[in-house]
S.K.: 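I'd like to ask some things about the structure below.
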Amino acid sequence: MAYKPLAFIRRDFLTQTSYRFSFILSIVWMFVGIASSYFISRLLGTAVSPYLDSYNASYFEFALIGVAFYGFAYADSLSGTVRSY
């Protein structure tokens, strides 16, 4: 039963890597997003620290986790893939 999710992951990985330019561009955009979050956190400095002190986190950590979960919250690629079968 565990081979089915791995088969989906393998299939999607092979599909993504078959479009090399798109795959490389998505990796580049990932690093651009991380770098922009870092520089925005440096720009804001300690202005947002009082709001995040209770979480023991910096703005960069907050933004990075938010961006990562945003992709999961609004992604329908998994549900669309499951629906198509």
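In this text, all values refer to a predicted model and were calculated from it rather than measured experimentally.
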S.K.: Which distance, rounded to the nearest 0.5 Å, do you find between the OG of Ser36 and the CG of Leu43?
M.R.: 12.0 Å
S.K.: Once you round to the nearest 0.5 Å, how far does CG of Leu6 lie from CZ of Arg11?
M.R.: 13.0 Å
S.K.: Rounded to the nearest 0.5 Å, what's the gap from CZ on Arg20 to CG on Leu25? Could you check?
M.R.: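 So the CZ of Arg20 and the CG of Leu25 are separated by 15.5 Å.
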S.K.: Give every residue pair that meets the ring pair (Phe, Tyr, Trp, His ring centres under 6.0 Å) criterion with at least one member in residues 9-58, sequence neighbours excluded.
M.R.: Tyr38-Phe60
S.K.: Transitively linked via ILVMFWY side-chain contacts under 4.5 Å: Leu14 with Phe8?
M.R.: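 Not linked; separate clusters.
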S.K.: What is the distance from atom OG of Ser58 to atom CG of Asp53, rounded to the nearest 0.5 Å?
M.R.: 11.0 Å
S.K.: Could I get the full list of side chain to side chain contact (heavy atoms under 4.5 Å, CB included) partners for Ile65, not counting sequence neighbours?
M.R.: Phe69
S.K.: Less than 4.5 Å apart, any side-chain heavy atom of Met30 and any of Ile34?
M.R.: yes
S.K.: How long is the span from the CD1 atom in Ile9 to the NZ atom in Lys4, to the nearest 0.5 Å?
M.R.: 14.5 Å
